Amino acid sequence: MDWDKLRVFHAVAEAGSFTHAGDTLNLSQSAVSRQISALEEALQVPLFHRHARGLILTEQGDQLNRTVREVFAKLAMTEALLTESKEKPAGRLKVTTTAGFGTTWLAPRVGDFLATYPDVSMSLILDDQDLDLAMREADVAIRMHPPKQPDLVQRHLLSIQWEVFASAAYLKKHGVPNRAEDLDNHRIILFGDYHPPVPDINWLAEAGCKPGQPRRAMLEVNSLHGILLAIRSGLGVGVLPDYMHAETEGLVRVLPDVKAPRVDAYFVYPEELRNSKRVAVFRDFLLAQLHERH
């Protein structure tokens, strides 16, 4: 199988159309189509179902794409290691974490890291869904739960505490809750997502409630920054992580004695990058920054 044709095939499989794949590869639609036809002819199997809405992989095409994706991921991993300088950290580092942690805590500190290591560049991917590190969707991840994949190296970074906030205007109008049970009479703001990025992120819905009878939210927002703005606007009571301390200035912390679940964050990367200097210095930078935090 020809590597160039496999590269084009993989781009088409990921994009779902000849046109979008051509844009990615800087090739014309007809050139992409010819490459796919030639590959199908060489293999003597159809790789795509063609229809009006785009392309769908056949069973054989799906099998080939899984293999090609894995091969290209391993090649990308090898390239990253080969291009790294022996003397000092250099090259591109792809980092992924949740939108909340990445926006409010990590992004403001990236400049200090890049100033310290000018030969390293960074791609910061903020996504509340876990990217596949084994498939090179990112090099390292900061996750709010232990990694589920057994072939990933993990290092505990920090423990995050939840804090309950409301605005002074809201509390003046609705009163101050003194016990978790008092929240039954308040407007609650929760994280609204079917796959929340952090375990127990909506613990406020059940604090002080009978089991199986959670409170309903006045508002659900799938963004910690959105929850912060909603609290600040006086809409209701919500929880925010303690790493957003600077952003919560001006808000009133309530129910400080209510026991909240703890979130443990981990620095995670594939076994193949265990000896990467870029990964090592970024890990050490994070640990130093977090030590200053305390």
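What you are looking at is a predicted structure, and each value in this text was computed from that prediction instead of being measured. Each residue takes its place number in the sequence, starting with 1.
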Counting only heavy atoms not in Asn26, do more than 12 sit closer than 6.0 Å to its CG atom?
no

One pair to check against side-chain contact (heavy atoms from CB on, under 4.5 Å): Val32 and Val12. What are the steps and the verdict?
CA-CA 8 Å; Val32 172; Val12 174; 3.4 Å; yes

Between Thr58 and Val45, is any pair of side-chain heavy atoms under 4.5 Å apart?
no

Suppose we screen for salt bridge (charged side-chain N to carboxylate O under 4.0 Å, His left out). Which residues come up paired with Asp264, at least two apart in sequence or across chains?
Arg262

Which donor-acceptor pairs under 3.5 Å do side chains of residues 162-176 form with protein atoms, sequence neighbours excluded?
from: Ser167; atom 1: OG; to: Tyr170; atom 2: N; distance (Å): 3.0
from: Tyr170; atom 1: OH; to: His186; atom 2: ND1; distance (Å): 2.9
from: Tyr170; atom 1: OH; to: Arg187; atom 2: N; distance (Å): 3.0

The reported gap from CH2 in Trp105 to CD in Gln289 (rounded to nearest 0.5 angstrom) is 5.5 Å

Do other residues, nucleotides or ligands put more than 12 heavy atoms under 6.0 Å from Gln154 CD?
yes

side-chain contact (heavy atoms from CB on, under 4.5 Å) between Arg274 and Val153, intermediate numbers included
CA-CA 8 Å; Arg274 184 182 286 275; Val153 181; 3.4 Å; yes

For Phe48, all residues meeting ring-ring contact (aromatic ring centres under 6.0 Å, His included), sequence neighbours excluded:
Phe9

Between Val71 and Ile36, is there a shared hydrophobic cluster once you connect ILVMFWY residues whose side-chain heavy atoms come closer than 4.5 Å?
yes

Nearest heavy atoms of Arg278 and Ala90, plus distance in Å:
CD-O, 2.9 Å

When the side chains of residues 197-213 are checked against the rest of the protein, which donor-acceptor pairs come out under 3.5 Å, sequence neighbours left out?
from: Asn202; atom 1: OD1; to: Phe191; atom 2: N; distance (Å): 2.7
from: Asn202; atom 1: ND2; to: Phe191; atom 2: O; distance (Å): 2.8

Return each pair, listed once, that meets side-chain hydrogen bond (donor to acceptor under 3.5 Å, both in side chains) where at least one residue sits in residues 4-15; pairs must be two or more places apart or across chains.
His10-Asn65, Glu14-Asn65, Glu14-Arg69

Ignoring hydrogens and geometry, is there a side-chain-to-backbone donor-acceptor pair from Ser123 to Lys94 under 3.5 Å?
no

Indicate the atoms forming the closest heavy-atom contact of Pro108 with Gly102, along with that distance.
CD-O, 4.5 Å

Apart from Val268 itself, what residues make up its hydrophobic cluster, given side-chain heavy atom links below 4.5 Å?
Leu133, Leu152, Tyr266

ring-ring contact (aromatic ring centres under 6.0 Å, His included): pairs with one or both residues in residues 128-154, sequence neighbours excluded
none

Nearest non-hydrogen partners of Ala138 and Ile125, listed with the distance
CB-CD1, 4.5 Å

How long is the gap from CG on Asp112 to CZ on Phe285, to the nearest 0.5 Å?
5.0 Å

Can you get from Leu57 to Met135 by hopping between Ile, Leu, Val, Met, Phe, Trp and Tyr side chains that sit under 4.5 Å apart?
no

The side-chain hydrogen bond (donor to acceptor under 3.5 Å, both in side chains) partners of Ser17 (sequence neighbours excluded) come to His20

Considering only residues two or more places apart or on different chains, which pairs with a residue in residues 122-132 satisfy salt bridge (Lys or Arg N to Asp or Glu O under 4.0 Å)?
Asp130-Arg143

Out of curiosity, Leu219 CG to Leu190 CG, how far, rounded to the nearest 0.5 Å?
8.5 Å

Could you name each residue pair satisfying salt bridge (Lys or Arg N to Asp or Glu O under 4.0 Å) that touches residues 115-126, not counting sequence neighbours?
Lys88-Asp119

Can you hop from Leu43 to Trp3 via hydrophobic side chains spaced under 4.5 Å?
yes

Would you compute the distance between atom CZ of Arg283 and atom OH of Tyr269 and round it to the nearest 0.5 angstrom?
5.5 Å

Test side-chain contact (heavy atoms from CB on, under 4.5 Å) applied to Leu286 and Ile142, step by step
CA-CA 10 Å; Leu286 292 176; Ile142 300 169; 3.7 Å; yes

Please tabulate, one pair per line, all N/O donor-acceptor pairs under 3.5 Å involving side-chain atoms of residues 223-238, not counting sequence neighbours.
from: Ser223; atom 1: OG; to: His225; atom 2: N; distance (Å): 3.3
from: Ser223; atom 1: OG; to: Gly226; atom 2: N; distance (Å): 2.9
from: Arg232; atom 1: NH1; to: Glu249; atom 2: O; distance (Å): 3.2
from: Arg232; atom 1: NH2; to: Glu247; atom 2: O; distance (Å): 2.4
from: Ser233; atom 1: OG; to: Ala230; atom 2: O; distance (Å): 2.7

Mind listing the closest non-hydrogen atom pair of Ile160 and Ala265 along with its distance?
CD1-CB, 4.3 Å

Is there a side-chain contact between Met218 and Ile189, using heavy atoms and a 4.5 Å cut-off?
no

Gap separating the CG atom of Leu183 from the CG atom of Leu255, nearest 0.5 angstrom:
5.5 Å

Smallest separation among heavy atoms of Ser121 and Arg92, with atom names
OG-NH1, 3.1 Å

Thr96 (side chain) donor-acceptor with Leu131 (main chain) under 3.5 angstrom:
no

Ignoring hydrogens and angles, tell me if any N or O in the side chain of Asp182 forms a donor-acceptor pair with the backbone of Arg179 under 3.5 Å.
yes

Testing the basics here: between Ala73 and Ala134, what is the closest heavy-atom pair and its distance to 0.1 Å?
CB-O, 4.1 Å

Quick one, Leu55 with His49, criterion side-chain contact (heavy atoms from CB on, under 4.5 Å). Give me CA distance, side-chain angles, the key distance, then yes/no.
CA-CA 6 Å; Leu55 301 170; His49 296 297; over 6 Å; no

Once the angle between the rings of Phe282 and Phe267 is folded into 0 to 90°, is it parallel (under 30°), tilted (30 to 60°) or perpendicular (over 60°)?
tilted

Value for CG (Leu126) from OG1 (Thr103), rounded to nearest 0.5 Å, stands at 5.0 Å

Applying a strict under-4.5 Å side-chain criterion to I, L, V, M, F, W and Y, I'd like to know whether Met144 and Leu290 cluster together.
yes

Has Thr248 got a side-chain atom pairing as donor or acceptor with His245's backbone, closer than 3.5 angstrom?
yes

Under the side-chain hydrogen bond (donor to acceptor under 3.5 Å, both in side chains) definition, can you give me all pairs with a residue in residues 27-42, not counting sequence neighbours?
Thr19-Gln29, Ser28-Ser30, Glu40-Arg50

Are Leu114 and Leu106 connected, step by step, through hydrophobic side chains (Ile, Leu, Val, Met, Phe, Trp, Tyr) whose heavy atoms are closer than 4.5 Å?
yes

